[in-house]
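Throughout, protein chains are lettered first and strands after them, A, B, ... in sequence-line order, and every chain is numbered starting at 1.
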Protein chains: 2
Amino acid sequence: MSRDLGQDVSESSTAAEGLGQNGPAPLYMQVKQMILGQIRNGNWPPHHRVPSESELVKELGFSRMTINRALRELTVDGHLVRMQGVGTFVAEAKGHSALFEVHNIADEIAARRHRHHAEIIKMERGSATTEQAIALGIREGAPVFHSVIVHYDNDEAIQIEDRYVNPELVPDYLQQDFSRQTPFTYLSQIAPLTEGEHVVEAVLAAPWEQQLLHISATEPCLLIRRRTWSQRRVVTSARLLYPGTRHRLEGHFKQGDS
Amino acid sequence: MSRDLGQDVSESSTAAEGLGQNGPAPLYMQVKQMILGQIRNGNWPPHHRVPSESELVKELGFSRMTINRALRELTVDGHLVRMQGVGTFVAEAKGHSALFEVHNIADEIAARRHRHHAEIIKMERGSATTEQAIALGIREGAPVFHSVIVHYDNDEAIQIEDRYVNPELVPDYLQQDFSRQTPFTYLSQIAPLTEGEHVVEAVLAAPWEQQLLHISATEPCLLIRRRTWSQRRVVTSARLLYPGTRHRLEGHFKQGDS
DNA sequence: GAAAGTGTGTTGTATATACATATATATACG
DNA sequence: CGTATATATATGTATATACAACACACTTTC
């Protein structure tokens with residue numbers, strides 16, 4: 001029963017003429033569609049073990065490199081999780097899933113040919129509240145580092161970076177000079193980030209944040225909460241606040257396979 | 001001068017012990033880093049032609065498949081643009097670059113085990129204003145379809161979908177029943193989307209939008225402007241407005257290569 | 001019983017090869 | 001001059017092969 005993927009993916013049925021008249025989909029795409037189908041119809045629930053590459057080679061009749069490409073792309077898309085030496089598993093479903101790249105705000109501003117500078121507002125050691133402990137995966141009351149930095153684009157305040165850092169993984173955090181190098185850059189060197197999580201919301205700024213950003217009480221802001229992992233441990237949890245009128249989050253996509 | 005990438009990418013220098021002690025980066029990653037370096041330091045500006053795969057094979061000494069993987073991944077990351085038969089070029093710099101997946105709000109609500117229904121507010125033919133003409137890539141005054149739909153999650157208004165559609169590509173748009181099938185689903189069938197663009201902002205809703213969403217005048221909202229292409233032509237331009245307190249945009253990432 | 005070694009299965013990467021497909025350019029022909 | 005037609009170049013995909021890296025179960029050894 002080689003090469004039977006259980007559903008026709010080569011034609012988009014009754015699509016209007018002039019559009020969608022593509023030939024058959026590439027093989028690696030057929031494999032992706034088949035697996036996405038199994039996931040979507042609930043046949044393969046989260047944490048389900050996906051057949052190994054060699055099993056899929058036998059089942060589908062394609063080469064291992066083709067199977068590998070399909071599985072690899074589904075992994076970067078966040079649909080699968082792979083562990084070397086162990087296997088491939090269906091990832092747990094995310095809400096409004098999105099894939100972000102992680103950037104350094106200083107680089108972004110530099111790319112716009114603008115000047116960047118940072119003002120350090122706070123730089124302290126504290127002990128974790130319940131919320132912070134959960135966010136960082138440490139126990140309550142354990143030491144945490146806390147920094148608040150305002151980033152400027154051509155002398156215009158553009159971001160408040162409110163960050164908590166796990167001292168076990170980054171013991172020298174407080175000794176750094178973050179007017180020279182952003183925390184993001186420093187942390188990337190110390191603990192190469194392997195994974196992360198974002199939540200984007202629209203909010204109103206707190207009074208002290210309004211002061212720092214020089215905005216009014218009703219100005220909507222873009223809030224990005226970002227947690228970053230390195231080797232399965234949370235390195236840092238940041239709250240990035242942008243004034244709505246001065247920042248946009250641009251993006252693009254290709255081949256939304258959903 | 002084979003295999004000289006001009007910068008050491010194999011070690012992360014003085015990183016703290018216990019973290020970042022990875023061996024040399026894989027070859028395809030070295031190629032990515034080299035190209036990203038050329039782009040970042042301005043050596044290869046936007047629209048600059050990147051050496052062809054076979055040229056890079058000669059220059060770097062790696063196999064074409066390795067070069068191809070690097071260029072392919074840089075393309076999905078949005079750093080490069082490739083055209084078959086033509087060449088590879090540096091993409092124009094985006095602000096805060098991000099990669100989104102495109103989802104159907106009805107599917108999302110169903111995934112949360114909630115009920116979804118849609119209320120059609122407007123459904124009309126009009127002629128394109130200057131702004132709409134630019135967004136859709138048609139001439140000013142040409143006919144456009146316009147729909148406004150409110151989506152409900154368990155009877156709670158959760159999104160205003162304000163959409164303009166190119167009639168040349170989707171002539172039967174106004175005849176559809178969007179209380180049964182969302183415009184997104186319908187459009188995906190008619191014109192398989194090949195590419196798209198997002199801009200995310202935090203805004204305040206207009207008075208008529210506040211009424212539809214049952215929110216106050218100062219409630220910050222998440223605004224997603226989304227344009228969708230099919231075969232190089234703009235199919236539709238949508239403005240998706242979410243009340244800030246009722247929606248979050250979640251995401252995750254892996255291996256931010258920047 | 002605990003530690004060290006061994007084997008097997010899995011993913012991760014790299015290469016050589018081949019052919020398909022798209023685009024642009026040069027060439028021949030009318 | 002205009003239009004086919006061939007040719008070169010570039011990307012896109014598919015395969016076979018090989019080895020490396022890692023995890024886990026099992027066996028041996030002390």
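Rounded to an integer number of Å, the gap from CG of N68(B) to P of dA16(C) is 14 Å. Distance CD (E73(A)) to C1' (dG12(D)): 12 Å, rounded to an integer number of Å. Taking atom NZ on K58(B) and atom C1' on dA16(C), their separation rounds to 17 Å, with Å as the unit. Rounded to whole Å, the distance from CD1 on I67(B) to P on dT13(C) is 15 Å.
An OP1 or OP2 oxygen of dA14(C) is reached within less than 4.0 angstrom by no side-chain nitrogen or oxygen of R69(B). OP1 and OP2 of dA14(D) both lie 4.0 Å or more from every side-chain N or O belonging to Y28(A). Neither OP1 nor OP2 of dT10(C) sits under 4.0 Å from any side-chain N or O of R82(A). Note on T88(B): every side-chain N or O is 4.0 Å or more away from OP1 and OP2 of dA10(D). Within the 4.0 Å cut-off from OP1 or OP2 of dG9(C), not a single side-chain nitrogen or oxygen of S54(A) is found. Distances shown here put a side-chain N or O of T66(A) below 4.0 Å from the OP1 or OP2 atom of dT15(D).
Here the side chain of R49(B) is nearest to one of dT15(C), dA10(D), dT11(C), namely dA10(D). Across dT15(C), dA10(D), dA14(D), the shortest atom-to-atom separation from the side chain of P26(A) is found for dA14(D).
Shortest non-hydrogen contact noted between V50(B) and W44(B) is CG1-CZ3, 4.0 Å.
The side-chain contact (heavy atoms from CB on, under 4.5 Å) test with R233(B) singles out one residue from I138(B), L169(B), L136(B), and that residue is L169(B).
Residues satisfying the salt bridge (Lys or Arg N to Asp or Glu O under 4.0 Å) test with R72(A), not counting sequence neighbours, are E73(B).
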Problem set entry | Footprint string (nucleotides 17-24 of chain C, 5' to 3'): B base within contact, S backbone only, - free, heavy atoms under 4.0 Å | BB--BBB-

